[in-house]
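Working notes, beginning with the structure itself.
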Amino acid sequence: MPAVVLLGAQWGDEGKGKATDLLGDQVDYVVRYQGGNNAGHTVVIGDQKYALHLLPSGILSPNVVPVIGNGVVIDPAVLLEEIKGLNERGINTSKLKISTNAHLITPYHRTIDKVSERFLGKSKIGTTGRGIGPAYADKINRIGIRVQDLFDPSILKQKIEAALHDKNQILIKVFNRKGITVDEVLSEYLGYAKVLEPYVADTALLLDQALKAGKNVLLEGSQGTLLDVDHGTYPFVTSSNPTAGGASTGSGIGPTKITRVIGILKAYTTRVGSGPFPTELFDADGEALRKIGGEVGVTTGRNRRCGWFDAPIARYAVRVNGLTDFFLTKLDVLTGWEKIPVCVAYDVDGARVEELPASQSDFHHAKPIYEYLPGWSEDISKAKSVNDLPKNAKAYVEFLEKISGAPISAIGVGPGRDETIVVRDLIK
């Protein structure tokens with residue numbers, strides 16, 4: 001069976017957890033392929049709400065094997081706390097598999113992340129301070145620590161020593177902070193080996209075997225397209241590749257095995273942290289979107305910046321990911337507006353621009369060009385098909401599909417697991 005990628009088509013927080021959970025009964029494996037505990041997915045099942053940070057959303061589906069792929073950076077303490085929290089709520093986590101090649105976040109990564117961001121002052125990027133960027137930097141600099149290193153104390157110590165040789169110089173001489181000792185990190189991380197060992201596996205081999213056996217594999221990204229380190233609004237991005245290409249490198253599944261790429265698209269737009277945001281609202285409409293949509297970061301607790309739907313961003317996501325489908329979320333949040341603006345293009349220094357500007361400077365100066373669609377006031381949370389939607393809500397969905405460049409195959413009309421309209425099968 002082919003593999004399916006599910007990713008964010010905007011700046012993250014689009015509702016990937018809901019989408020993954022909806023597909024849980026149709027897949028055998030759900031793989032998180034990048035990012036760390038700097039992202040969060042919220043899943044609502046009945047009256048229960050689950051906030052996931054490192055664990056794949058498939059952990060909540062009893063028949064799914066959840067996998068943390070090699071492209072993820074893991075804070076062991078956070079992971080174990082998350083596992084413990086789910087176990088206490090009756091969720092079975094014993095099927096979890098963790099790649100031997102996934103990199104680990106250490107105390108020195110978190111410390112450097114926080115002091116570096118503070119040092120930048122007004123130029124700060126808006127990181128979560130959880131050590132994600134420094135961990136990926138060590139990975140690229142080839143001084144990172146991987147999960148498999150936990151099981152070889154000698155190698156683990158050598159790697160910690162190598163990493164701290166330079167980092168302590170920076171902490172002490174640049175940031176005037178206390179250095180971190182090798183022994184304190186070594187002691188803590190050796191303690192994780194025994195408890196993590198039952199979960200550790202050659203996940204790339206496991207997934208290859210699963211695909212050959214006809215199993216369905218869902219590859220789940222964190223963050224979103226415009227936070228991709230290569231294709232996002234650099235430098236206001238994450239440190240990994242949430243886009244579809246990252247699904248292959250972060251899981252070990254070859255690109256020819258992937259035949260469907262689903263982009264999660266919010267019916268409006270949000271982002272967390274610094275960086276350009278052409279449709280951002282600073283008025284009562286923005287505050288209403290934030291309040292009605294519950295736009296507070298699952299991981300950070302920070303208010304999300306809110307704005308109207310941005311079609312050039314959606315088209316860009318189709319292009320760089322090769323999207324085959326959209327899953328439109330939070331359509332219900334727009335209920336009650338008399339007119340709903342949709343950004344169809346940008347004004348950049350007096351010129352109309354239909355696509356995302358290649359120049360970051362141009363994107364910073366882009367002003368949205370809006371078309372206005374009539375709104376609706378009817379409750380749509382009970383809709384089971386597109387035809388159940390009010391006329392104007394249906395027209396809004398059809399307009400977004402037309403200007404975004406890919407079919408909308410599912411529509412979220414409420415936060416619950418069953419509050420979704422499935423237009424087309426998303427797996428087969």
Side-chain angles (χ1 to χ4, degrees), residues 8-19 21-22 39-52 224 226 264-273 277-311 313-314 326-343 368 370-384 386 388-401 404 408 410-421:
Q10 295 157 315
W11 275 290
D13 306 308
E14 301 95 348
K16 293 180 288 295
K18 176 184 174 68
D21 181 63
L22 175 73
H41 294 161
T42 300
V43 180
V44 179
I45 303 176
D47 61 352
Q48 296 294 307
K49 187 175 182 179
Y50 299 89
L52 305 174
L226 290 182
I264 312 304
L265 191 66
K266 198 176 285 186
Y268 48 101
T269 310
T270 63
R271 80 169 297 175
V272 173
F277 184 177
T279 68
E280 183 173 10
L281 296 168
F282 302 95
D283 57 11
D285 283 335
E287 188 56 37
L289 287 174
R290 183 178 299 110
K291 184 177 180 180
I292 299 169
E295 297 298 349
V296 178
V298 177
T299 296
T300 64
R302 292 184 288 186
N303 284 337
R304 295 176 186 143
R305 300 157 63 190
C306 297
W308 299 119
F309 187 87
D310 189 318
I313 284 176
F326 278 123
F327 188 132
L328 186 71
T329 62
K330 291 197 169 184
L331 182 65
D332 53 300
V333 173
L334 297 180
T335 299
W337 267 270
E338 184 177 347
K339 290 185 177 180
I340 305 174
V342 174
C343 172
Y370 287 117
E371 290 190 21
Y372 295 85
L373 278 72
W376 62 93
S377 58
E378 301 92 330
D379 177 15
I380 66 171
S381 63
K382 305 302 179 186
K384 299 300 179 185
V386 173
D388 292 336
L389 293 173
K391 176 184 175 182
N392 289 347
K394 182 179 178 181
Y396 183 79
V397 172
E398 290 173 346
F399 184 76
L400 296 195
E401 182 176 71
S404 296
I408 294 175
I411 305 164
V413 293
R417 173 183 271 184
D418 58 344
E419 293 176 320
T420 303
I421 296 170

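We number each residue from 1, following the sequence as shown. Note that the coordinates shown come from a computational prediction; the quantities given were computed from them, not determined experimentally.
- A donor-acceptor pair is defined here as one N or O able to donate and one able to accept, closer than 3.5 Å; no such pair exists between the side chain of K330 and the backbone of Y268.
- Although no hydrogens or angles enter the test, the distance criterion places no donor-acceptor pair under 3.5 Å between the side chain of Q10 and the main chain of F309.
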Q: With side chain to side chain contact (heavy atoms under 4.5 Å, CB included) as the test, would you mind laying out the steps for V272 and W11 before giving the verdict?
A: CA-CA 8 Å; V272 173; W11 275 290; over 6 Å; no
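- No more than 12 heavy-atom neighbours from other residues, nucleotides or ligands sit within 6.0 angstrom of NZ on K291.
- Interatomic distance, CD1 of I380 versus NZ of K394, reported as 14.0 Å (0.5 Å rounding).
- Put simply, the side chain of R304 does not reach to within 4.5 Å of the side chain of L289, judged on heavy atoms.
- At least one side-chain heavy atom of P368 sits under 4.5 Å from a side-chain heavy atom of T279.
- Counting heavy atoms from C-beta outward, T269 and F277 have side chains that approach closer than 4.5 Å.
- Between the side chains of D285 and W308, no donor N or O sits under 3.5 Å from an acceptor N or O.
- The two residues F326 and S404 have their closest heavy-atom pair at CE1-CB, 3.6 Å.
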Q. Can you check side chain to side chain contact (heavy atoms under 4.5 Å, CB included) on T420 and T329, steps first, answer last?
A. CA-CA 9 Å; T420 303; T329 62; over 6 Å; no
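- Residue L265 comes nearest to E14 through the heavy atom pair N-CB, 4.3 Å, listed as atom of the first residue, atom of the second, then distance.
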Q.
Working note: V413 + L389, criterion side chain to side chain contact (heavy atoms under 4.5 Å, CB included); need CA distance, chi angles, decisive distance, verdict.
A. CA-CA 9 Å; V413 293; L389 293 173; 4.2 Å; yes
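- To the nearest 0.5 Å, the span separating CZ on R305 from CD on E295 amounts to 13.0 Å.
- Just one of I408, I411, V397 meets the side chain to side chain contact (heavy atoms under 4.5 Å, CB included) condition when paired with V386; it is I411.
- Side-chain atoms of L281 and C306, non-hydrogen and from C-beta on, never get closer than 4.5 Å to each other.
- In this structure, P341 and K339 approach most closely via the heavy-atom pair CD-O, 3.7 Å.
- In this structure, K16 and I264 approach most closely via the heavy-atom pair CG-CG1, 3.6 Å.
- The minimum heavy-atom distance between G412 and F327, with the atom names listed, is N-CE2, 4.1 Å.
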Q: Mind running side chain to side chain contact (heavy atoms under 4.5 Å, CB included) on N392 and W337 for me, showing each step along the way?
A: CA-CA 11 Å; N392 289 347; W337 267 270; over 6 Å; no
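- The two residues D13 and K266 come nearest to each other via the heavy atoms O-NZ, 2.7 Å.
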